[in-house]
Amino acid sequence: MILYDTLTAQKREFKPILGNRVNIYVCGITPYAETHIGHALSYVMFDVLRRYLEFQGYEIQFVQNFTDIDDKIIARANEQGISTKELARIYIEDYFEAMDSLNVKRADHYPMATIEMPKIIEIISSLIDQGYAYPSSGDVNFRVTKDPEYGKLSHRTIDSMLEWANEELTENKDHPLDFALWKGTKPGEPSWDSPWGAGRPGWHIECTAMAIRYLGNTIDIHGGGQDLIFPHHENEIAQSEGYTGDKPFVVTWMHNGLLHLGNDKMSKSLGNLVTVKEALSNHTSDALRLLFLSSHYRSPLTYSESLVESSDRARQRLVNALKPRQTEIESELDGLKTALGVDVSTYQDRFEEEFGIDTQSYQLRFTAALDDDLNTPQAIAVIFELAREINRYKGMDVEVSSAQDCLRKLAGILGLSLDSTMSEPSNKSEANEFINLLVSIRTELRTEKNWSLADKIRDELDGMGVILEDSSSGTQWEFKD
RNA sequence: GGCGACGUGGCCAAGUGGUUAAGGCGGAGCUCUGCAAAAGCUCUAUUCGGCGGUUCGAAUCCGCCCGUCGCCUCCA
């Protein structure tokens, strides 16, 4: 597999540091507000990376943090009159709900800044001892000039940043770009004890502490949004490599392009955000995933309702391809099978194997796409081509179940569940027998060519969210999404 | 000012030196069907922002220009 690395700015062959094991650290959220679709884009993308590596047989250690203490959390908690801890708890829960509904697999560890204090303090102490950091009136700052490679990730130099930077808070700092490892406490703020007095960790140090603690001094893949490249990840490298002395801190830096919201009337009141909850109230999670994955992860994507809607229709196409082939001939075969005691399906399978869809070539093209820096748009194209061929074979009444299995498997690597709407919620199931009754009555009406009444039943049911589809083998129905 | 992206059909979006420029949505026609839906087939970019250059050959490399955007401040 080839992956693009932000640090070296090139695509390189991916190879785990240690055998079969791949360590992944993805920067998590600061839980002070609801999870939005920009987060969703990023975590869906890393979810696909993880699923694909697992599919390739790697053993994944996936760590994702929560920054559960920072300025915004404090401000927000004060606004709402609750503790920072409680605020974080609320939005962490919201995050998990959002990710679960998007079918994003859970990480192996979710460390939080506030419970990693010992490691954080240990690292800061060491950085001070090594001359990388200095205490300054309650704060501890990282000395940027001590690191000759500072700026290597974001491809800038200290000088170039100084020219245009709005760094003004130089009071406690020896250099405008020095950044806080530890912030001395202010009145009314939660704080933790440290050798430098009460305070709290700076933004970047927690990730260093957690990544090193859970994954070691050098990790395979570190990811996040492109907005984290500077300063967050830049500072993380400086701290981590300063602390451990081991380089590189990260073998492959991966950054996803950011989600944009059109300048339109997306969200008048709430800034310019669409929360995952809002998006999922109108769309399936598969549609969102399909949308996110239909452009390359390093490109920006502009979100709009109409785009999700077209993704939803595309999703429906895949779902339809997975619907079982149901024809008169099949039921006749089933009848024959039981009547003669012969396992007809064996012959069907052999026929499918020899004359059917070449699922292997689809899978090969699919993996080739993902092998090339996670080219999900191309992988999706392969899936749609497979779906079309399945439909074509269904039309010819050839067994397609193994091709459907293949489609399901490949879609699963992209985290698409492709649930048929046939699997309706339980509260609807009690309506089933009535719907079945109506359908069978309608079938009789149709044999009597009472089209107007038959169509009326279909229309009325449609109004109630039930879709009827007639075919030569009978009528199928399902609930709308 | 620095660093970096991007501009491909009506919309979204792959492709980055050489067969017919993927795929999805939308649109048109046909087939199937009582109708509808679903599905299939065909069509929907002689052309890849513009102008030059390199090359036997470029959407793909180089230069310039036009346009859009991101980061340099909290952010996935």
Side-chain angles (χ1 to χ4, degrees), chain A residues 6 9 26-30 32-33 35-46 64 67 70-72 75 95 151 154-157 159-169 177 203 223-232 234 255-260 273 290-291 293-296 298-302 304 306-321 323 325 365 369 372 375-396 446-447 449-452 454-455 458-459 462 467-472 475-478:
Chain A
T6 307
V26 174
C27 281
I29 55 157
T30 301
Y32 73 100
T35 307
H36 60 75
I37 52 176
H39 299 130
L41 166 73
S42 182
Y43 299 129
V44 162
M45 175 254 143
F46 284 106
Q64 182 171 15
T67 303
D70 92 321
D71 293 341
K72 281 173 306 214
Y95 173 82
S154 49
H155 303 110
R156 335 170 165 174
T157 61
D159 288 343
S160 75
M161 282 187 270
L162 276 180
E163 288 174 26
W164 209 254
N166 334 340
E167 289 287 343
E168 286 165 15
L169 300 171
L177 290 180
W203 175 32
Q226 281 175 347
D227 51 350
L228 295 181
I229 295 173
F230 191 91
H232 185 55
E234 190 69 68
H255 293 97
N256 61 276
L258 301 180
L259 187 70
H260 298 278
L273 293 181
L290 219 38
L291 173 64
L293 300 173
S294 69
S295 81
H296 187 79
R298 283 190 282 122
S299 306
L301 176 66
T302 302
S304 77
S306 66
L307 278 180
V308 204
E309 277 158 20
S310 33
S311 290
D312 235 333
R313 274 173 295 229
R315 175 202 70 96
Q316 189 59 50
R317 191 174 154 72
L318 296 178
V319 171
N320 285 335
K323 283 182 185 167
R325 170 183 69 105
R365 287 204 291 142
D372 182 13
N375 194 328
T376 51
Q378 237 168 34
I380 287 173
V382 173
I383 285 183
F384 276 99
E385 285 173 35
L386 176 57
R388 190 198 298 131
E389 192 162 14
I390 287 172
N391 286 330
R392 202 183 289 141
Y393 274 67
K394 275 164 99 172
M396 297 187 291
R446 289 181 66 224
T447 54
K449 299 200 190 306
N450 189 341
W451 307 126
S452 63
D455 289 352
R458 184 173 59 198
D459 291 347
D462 184 85
I467 300 169
L468 301 195
E469 289 183 16
D470 299 325
S471 73
S472 51
T475 301
Q476 285 188 285
W477 66 268
E478 62 185 21

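Fair warning: this is a prediction, and the values are worked out from it, not measured in the lab. Worth knowing before you read on, the calculation uses all heavy atoms, side chains too, and leaves out hydrogens, waters and symmetry mates. Numbered from 1 within each chain, the chains take letters A, B, ... in sequence-line order.
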Q: Map A/Arg298 and A/Gly223 onto RNA chain B by nearest heavy atom, then report which one ends up closer to the 5' terminus.
A: A/Arg298
Q: Examine B/G4: is either OP1 or OP2 under 4.0 Å from a nitrogen or oxygen in the side chain of A/Arg156? Give yes or no.
A: no
Q.
On the side chain of A/Asp227, is there an atom forming a donor-acceptor pair with the base of B/G70 - under 3.5 Å, no angle test?
A. no
**Q.** Short side-chain to backbone donor-acceptor contact, A/Ser42 and A/His39, under 3.5 Å
**A.** no
**Q.** Rounded interatomic separation in angstrom, taking CG from A/Asp372 and P from B/G15
**A.** 7 Å
Q. For the side chain of A/Ala381, counting heavy atoms from C-beta on, which of B/A22, B/C35, B/A76 is nearest?
A. B/A22
Q | Base of B/G34 and ring of A/Trp451 stacked, centres under 5.5 Å, planes under 30° | A | yes
Q) With respect to the phosphate group of B/A38, does any side-chain polar atom (N or O) of A/Asn391 fall under 4.0 Å of OP1 or OP2? A) no
Q.
Measuring from the side chain of A/Arg313 (C-beta onward, heavy atoms only), which nucleotide among B/C12, B/G26, B/C35 has the closest atom?
A. B/G26
Q | Note: A/Glu385-A/Arg365 ion pair, threshold 4.0 Å (strictly below) | A | yes
Q) Do the side chain of A/Arg392 and the base of B/C41 come within less than 3.5 angstrom through a donor-acceptor pair of N or O atoms? A) no
**Q.** Closest nucleotide among B/G15, B/C72, B/C41 to the A/Gln378 side chain
**A.** B/G15
**Q.** Nearest-neighbour nucleotide for the A/Asp455 side chain, B/A14, B/A76, B/G34 considered
**A.** B/G34
(Q) What I want to check is whether an N or O donor and acceptor connect the side chain of A/Asp71 with the base of B/C74 at under 3.5 Å. (A) no
Q. Between B/G24 and A/Arg317, is there an OP1 or OP2 to side-chain N/O distance shorter than 4.0 Å?
A. yes
Q: May I ask you to verify if any side-chain N or O of A/Asn320 is less than 4.0 angstrom from the OP1 or OP2 atom of B/A39?
A: yes
**Q.** Below 4.0 Å: OP1/OP2 of B/C69 and any side-chain N or O of A/Ser299
**A.** no
Q.
For A/His296 versus A/Pro377, what's the shortest heavy-atom pair and its separation?
A. N-CG, 3.6 Å
